[in-house]
Colleague: 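Quick one: this structure, given as structure tokens, is what I'll be asking you about.
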Protein chains: 2
Amino acid sequence: MKAAQDLFSRSGFESASVSEICRLAGVSKGAFYHHFPSKQSVFMELLMEWLQGVDKALENFRTIQPEVPQSLIQMADILPEIIKTAEGRLPIFLEFWVHAARDPSLWKAAIAPYQKYKNFFIQMMGEGIAAGSISAADKETAAMAVMSLAIGLLLQGVVDPAGSDWTVIGRESIRVLTEGLTRRSK
Amino acid sequence: MKAAQDLFSRSGFESASVSEICRLAGVSKGAFYHHFPSKQSVFMELLMEWLQGVDKALENFRTIQPEVPQSLIQMADILPEIIKTAEGRLPIFLEFWVHAARDPSLWKAAIAPYQKYKNFFIQMMGEGIAAGSISAADKETAAMAVMSLAIGLLLQGVVDPAGSDWTVIGRESIRVLTEGLTRRSK
């Protein structure tokens with residue numbers, strides 16, 4: 001996994017070969033295929049491992065702060081950490097998704113984490129709407145607004161880490177969106 | 001340009017070669033290099049050509065609707081068109097940016113359109129703040145919130161066009177963010 005990660009970072013997903021991963025890890029191809037059916041599967045394992053931290057942080061914020069608007073605002077604080085962890089990784093993930101978009105057999109696995117976060121936010125927005133703290137057309141639309149903003153922040157933060165102060169921009173953008181989502185008397 | 005676009009769409013940016021572009025276009029390498037210094041420069045030309053429509057639409061909305069919040073909301077309506085135009089193109093653009101992120105000589109040119117839109121929205125938010133219709137920490141942060149949301153919407157819309165109704169989600173997300181940005185008596 002370490003050798004694969006290093007090679008993916010250095011030469012990209014498509015250029016990396018199983019032979020080269022094996023050479024770097026000092027293992028045989030037989031040993032490799034004993035653990036992983038394909039190069040794609042090592043990649044998905046690395047992705048899942050990386051996202052475990054994100055999953056835990058999101059769940060924590062939901063548990064600690066049951067009010068949906070406050071919970072959302074606090075989640076902004078994990079953006080800089082995700083951006084930092086993703087540095088040197090997201091280009092590979094992007095490349096992998098671009099690759100997956102051309103390969104239907106990969107597509108379902110590649111999009112699974114995205115679906116998971118989408119469902120996480122749909123449930124969260126549903127709770128907010130039920131509690132009367134979130135106002136939106138429906139929970140799906142509210143969730144997609146949050147997902148879109150988070151994805152845009154992450155993409156820019158990873159592609160252009162020095163271009164802006166992503167801690168401040170993440171916090172303020174999510175505060176503004178949350179304010180737009182918060183039910184209030186007119 | 002047409003041959004390059006077809007080849008980029010089919011085999012991706014990195015795999016496409018100048019020789020193959022020339023073969024498809026039925027021109028000599030000499031003729032190619034007479035017009036373009038490199039494969040990258042054909043790509044940047046294609047990108048600029050594609051973005052011309054976006055630029056015009058944004059400028060139109062600003063001219064027609066001087067009120068910044070209303071102008072923003074109307075801009076949501078061009079998202080589906082950008083997504084449709086980008087179909088089969090954005091994967092290549094992503095790949096190009098991933099490639100550019102590893103190549104400092106390409107980076108400045110690759111990020112120029114991004115900087116342009118950032119400046120467009122910084123100016124627009126500055127006008128809104130000056131007119132008292134936009135409330136935000138500052139014009140840069142407000143602009144980055146808009147940019148982030150738009151980028152997230154575009155990325156998802158192009159990667160997963162059938163996953164959601166991007167016309168509805170785009171309009172509603174931008175409405176919500178705009179509501180969060182709109183100054184109001186508390």
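All chains are named by letter (A, B, ...) in the order of the sequence lines, taking the proteins before the strands, and each is independently numbered beginning at 1. This structure is a prediction, so every number in the text was calculated from the model and none was measured.
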Colleague: Name the orientation class of the two ring planes belonging to B/F96 and B/F13 (parallel below 30°, tilted from 30 to 60°, perpendicular beyond 60°).
Modeller: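 Ring orientation, 0 to 90° scale: perpendicular.
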
Colleague: So for A/I174, is it side chain, backbone, both, or neither that comes closer than 4.5 Å to the heavy atoms of chain B?
Modeller: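 Contact with chain B involves no heavy atom of A/I174 at all.
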
Colleague: Who are the side chain to side chain donor-acceptor pair (under 3.5 Å) partners of B/S19, not counting sequence neighbours?
Modeller: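 Applying side chain to side chain donor-acceptor pair (under 3.5 Å) to B/S19 gives B/K29.
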
Colleague: What side-chain donor-acceptor pairs closer than 3.5 Å can you find for residues 117-124 of chain B, not counting sequence neighbours?
Modeller:
from: B/Y117; atom 1: OH; to: B/D55; atom 2: OD1; distance (Å): 2.4
from: B/N119; atom 1: ND2; to: B/Q115; atom 2: O; distance (Å): 3.3
from: B/Q123; atom 1: NE2; to: B/E127; atom 2: OE2; distance (Å): 3.0

Colleague: Between B/R10 and chain A, with a heavy-atom cut-off of 4.5 Å, which part of the residue counts as in contact: side chain, backbone, both or neither?
Modeller: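 It is the backbone, since no side chain atom gets that close.
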
Colleague: Evaluate the criterion salt bridge (Lys or Arg N to Asp or Glu O under 4.0 Å) for residue pair A/K56 and A/E59; output intermediate values, then yes/no.
Modeller: CA-CA 5 Å; A/K56 270 190 200 143; A/E59 291 294 349; over 6 Å; no

Colleague: Out of B/M144, B/E172, B/Q156, return the one with the most heavy atom pairs under 4.5 angstrom to chain A.
Modeller: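 Looking at each of B/M144, B/E172, B/Q156 in turn, B/Q156 comes out on top.
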
Colleague: Just give me the residue among B/I151, B/V168, B/D165 that pairs up with chain A most often, heavy atom to heavy atom, under 4.5 Å.
Modeller: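 Option with the top pair count is B/I151.
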
